[in-house]
Amino acid sequence: MSLPPAAYDPREVEGPILESWLAGGWYGQPVLEGRPPFTVVIPPPNVTGSLHMGHALNNTIQDVLVRRARMTGRPTRWVVGTDHAGIATQNKVEQKLAAEGRDRHEIGREAFVEACWEWRREHGSIIISQLKQMGCSCDFEDEWFTMDPSYQKAVRKVFVDLFEQGLIYRGERIINWCPRCTTALSDIEIEHEELEGRLWRIRYPLADPAGDVDHLVVATTRPETMLGDTCVAVHPDDARYRALIGATVVLPLVGRRIPVVADEHVDPSFGTGAVKVTPAHDPNDFEIGERHGCEKVNVLTADARVTAEGGAYEGLDRYEARKRIVADLEEQGLLVSVDDHVHSVGHCYRCHTVVEPWLSDQWFVDMKPLAAPAIECARDGRVRFHPARWTGVYYHWMENIRDWCVSRQLWWGHQIPVFYCDSCGEMAASMEDLAACPACGGPVRQDPDVLDTWFSSALWPFATLGWPEKTPELDYFYPTTVLSTARDILFLWVARMIMQGLKFAGDIPYAEVIIHPTVFNAAGKRMSKSLGTGVDPLDLMEHYGADGMRFGLMLQTTGSQDIRFAEEKLAHSRNFANKVWNASRFVLMSLREDYEPGPPEPLTVADRWILSRLADLSQTVDVCLDADRAREAGAEPFQFGEAARALYDFFWSEFCDWYIELAKGRLAEGGPPGAAARRNLVFVLDRALRLLHPMMPFVTEEIWRRLPLPTEDRADSLMIAEWPRGLAHMRDPAAEASVGVLQELVTEVRAIRARYGLSPKARVDLVVRAAGADAALVEAQAHYLHELAGVGSLSVDPAAVRPACSAVGVAGSFELYVPLEGLVDFAAERERVVRDLGRAREDLERLERKLANEGYLAKAAAEVIEKDRAKAAELARAVVTLEAQAASLSD
RNA sequence: GGGCGAUUAACUCAGCGGGAGAGUGCCUCCCUUACAAGGAGGAAGUCGGGGGUUCAAAUCCCUCAUCGCCCACCA
């Protein structure tokens, strides 16, 4: 066998591994009755999208869970696909047309929709291939799109059922209107931003002056809407205006005579206490208008220009109209004052244009009946959020839910399956397209609007398993196991999936919801392609490997709200992959021709120690990644960062830095000790690779194949090898304690060597003062001290005194001396010893005070007290030792 | 207006009732036949301020400050 390269090169390795995985048929697994499935649905990325850091993080999380579950033997299904993304896609295609000098109205609806499909064919697979590149083990054989024919059927069925049950209705309401996208938006598609605006105070003259009162003053942040004012409202108890209730004012610039009405909604303390009411352009004003029977005058067109109702201002853009109106009012002496005023302004979440509250006919879903069971399933614990604090956010939204405006004035999307008859006025929702009116047989036309994209994505967990058909997959894989997603779509998507799942699939869509941190850039800004503040995951994979990126992300995934991502953070993950590669290379190269696979042989304390540490690691990883195991252990589930850290520390610090180094001597010796060391190296490495695989699939798979360890279980791929279990019996606290002592001794001797700049080849003698069992413990480790600390002769003596010309050290409760003829800087040694002595005395005093405290002795846990006593005893010995050393050095 | 989160070593962040940790960076030494993308050693923090609970607080409670996010019919 040729020697594998010393450096792991992801660029060379990942491609072929990926090919073999895709060809292997392991990604999506079939129904296997009798075994619990593990199902995840991917949050479907927009077809227009390409991989960003949020996807990289979220899909790493999902893949870690899916890969682990697959190894435990659960049939796994990770449903993948893309979202048609109504507005986003329509905007892209419109931009493309614009670049060609055309627009959608010119080519017509049919051709436009075809252009969208064309876009999808060209761009839709980009993000899917990027997921593959990351190593995501989705079921790519079963890729979904939210506009697939069967998916369209599911969407239509949900609409028709809701319609027939009276849960969908059409109505004229104030909705959020994006004048650039020219469509309605739901409330949660609006992004509010605090902006510095103005508060204008405007004089409205009374039609019939009463005494010396000939006007009142209203305050507004949007003066242009005055064109549509149909009354002025004051609070009924406001003494300033009581006499004016019922009076008539003449609307400036327009001349319309409008009443002054009394309404409880008015806050007398804001502005002037008198509100101009524009029922067609403000939700509150709409309500007031309804209560007082006021006219609704729409003064803005779909693209936010003034309508004919605006008289002289007709055709002006809303902001131009504002300027002109303010100027005209000022000229007429009706502008009382202008003040700065900070208020929050809604923007379109797709194009960031300021939205207009606008009166129009739209379709709404009655949400309260759907919300009730969705609240219930979280209350009774069937659905759990992680971190748990999101549960409260979810309740708050659900309990204050408002009806959902689901119609969009777009062409790309699921067209609303409602047919209107112009002859008899019939309105019918239908699963099949209607050619004639079911009531009168007259001609019908279909509603031209499409449904909110989120209406269809809400069905994702069951529509992708075949619903409304009763498929075996739906029966087996639904409800899904875990959903992992970003917090910004908790309401837009997650909450609605829960409502629709309960309503239509008859069960919750998933039991566990992971709300992962948001990825920000190093400056703490949201990563955004358009702003150029993002990091491209593809570049990261190029430089650090898919494993480096994945592991780096996992290390940073803690319970915190966000991740400030800086590229440098990935370097040590890439190095870690290389470390794993080299450790494996070492273990494999140390094996002999005659190696026979078999169970581990815990021959020495070092063997027992590493096996114990491995058992601990296995437990930690399971508790961090498996919700059931976490609950058994009373721990918070889904601790990706903690699992990654445990893997990293175990592999690098414990396995590489200590165990391999401890084993080297025996490997060179050969014989039964060497054979045992090989068995243990193979066993521990094998299990560690399995535990690492979900987070670092490529390097571990490459090792599995290229450096095949001779173990019993040799699956074709590490991906389907067995997940380690049943290691708990290897726990060995005594071995862990012994190796702890050894580590302290070695570290202390190394520190002495470093202090005096001894060459790595130079041997030193070591004198340790210890008695009884302690002495035996140290003596038993003579050869390790030899190998790891360059100790030549070791002498353990209960009455040892400092040899002349020796450096001194303390390791735990051991006092040790290293004779260094002619080398020792006594002044420096003394200074160090005195410093250590000071610290030890302080620590000891603090502990003694604590141990003398009656409250502490009465109330603290027995094991805590025991631990402190042991610690105090050790410190007391250290103080004695250091005092003696200090004294001996002062001669 | 309501709510949530953050504030720990120069930087980025873990830890969240009983010994202040990691990575990066920095200093010293070492190319020791797994790995220089490495090894060994080291310096570095009154855990944002102030109260409180407790035998014991970075960790729980209150409060203040700063930063970030979410929700809300803030004319």
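Chain identifiers are assigned alphabetically (A, B, ...) following the order of the sequence lines, protein sequences preceding nucleic acid strands; residue numbering begins at 1 within each chain.
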With 3.5 Å as the limit, what N/O pairs link the protein to nucleotides 22-26 of chain B?
{"unit_1": "B:rG23", "atom_1": "O2'", "unit_2": "A:H572", "atom_2": "ND1", "d": "3.0"}

Tabulate protein N/O versus nucleotide N/O from nucleotides 31-34 of chain B, keeping only pairs under 3.5 Å, one per line.
{"unit_1": "B:rA34", "atom_1": "O2'", "unit_2": "A:N582", "atom_2": "OD1", "d": "2.8"}
{"unit_1": "B:rA34", "atom_1": "O2'", "unit_2": "A:R585", "atom_2": "NH1", "d": "2.3"}
{"unit_1": "B:rA34", "atom_1": "N7", "unit_2": "A:K664", "atom_2": "NZ", "d": "3.3"}
{"unit_1": "B:rA34", "atom_1": "N6", "unit_2": "A:C656", "atom_2": "O", "d": "3.4"}
{"unit_1": "B:rA34", "atom_1": "N6", "unit_2": "A:E661", "atom_2": "OE2", "d": "3.2"}
{"unit_1": "B:rA34", "atom_1": "N3", "unit_2": "A:N582", "atom_2": "O", "d": "3.2"}
{"unit_1": "B:rA34", "atom_1": "N3", "unit_2": "A:A583", "atom_2": "N", "d": "3.4"}

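Every side chain to side chain contact (heavy atoms under 4.5 Å, CB included) that A:N853 has, sequence neighbours left out, goes to A:Y856. Scanning for salt bridge (charged side-chain N to carboxylate O under 4.0 Å, His left out) contacts around A:R487 gives an empty result, with sequence neighbours left out. A search for ring-ring contact (aromatic ring centres under 6.0 Å, His included) contacts involving A:H343 returns A:H341, not counting sequence neighbours. Taking the salt bridge (charged side-chain N to carboxylate O under 4.0 Å, His left out) definition, one finds that A:R322 meets it with A:E224, sequence neighbours left out. Considering only residues two or more places apart in sequence or on other chains, A:V810 meets the side chain to side chain contact (heavy atoms under 4.5 Å, CB included) condition with A:A878, A:T881, A:L882, A:Q885. Residues satisfying the salt bridge (charged side-chain N to carboxylate O under 4.0 Å, His left out) criterion with A:E874, sequence neighbours excluded, are absent altogether. Applying the side chain to side chain contact (heavy atoms under 4.5 Å, CB included) criterion to A:V13, with sequence neighbours excluded, gives A:Y8, A:I17, A:E702. Listed by chain and number, the residues in a side chain to side chain contact (heavy atoms under 4.5 Å, CB included) with A:S759 are A:K761, A:A762 (sequence neighbours excluded).
When the side-chain nitrogen and oxygen atoms of A:W652 are compared with OP1 and OP2 of B:rG39, one or more of them lie within a distance under 4.0 Å. For A:R487 and B:rC4, the shortest distance from a side-chain N or O to OP1 or OP2 is not below 4.0 Å.
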- Task: Kindly express the pairing pattern of RNA chain B in dot-bracket notation, using | wherever a base pairs with another strand and counting only Watson-Crick or G-U pairs under 3.5 Å.
- Result: (((((((..((((....[..)))).(((((.......))))).....(((((..]....))))))))))))....
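Straight-line distance from the CZ atom of A:R755 to the P atom of B:rG42: 9 Å, rounded to whole Å.
Using a 4.0 Å heavy-atom cutoff across all strands shown, A:A861 reaches at least one base atom of the nucleic acid.
Within the structure, ring pair (Phe, Tyr, Trp, His ring centres under 6.0 Å) contacts touching residues 550-569 of chain A (residues at least two apart or in different chains) are A:F551-A:F576.
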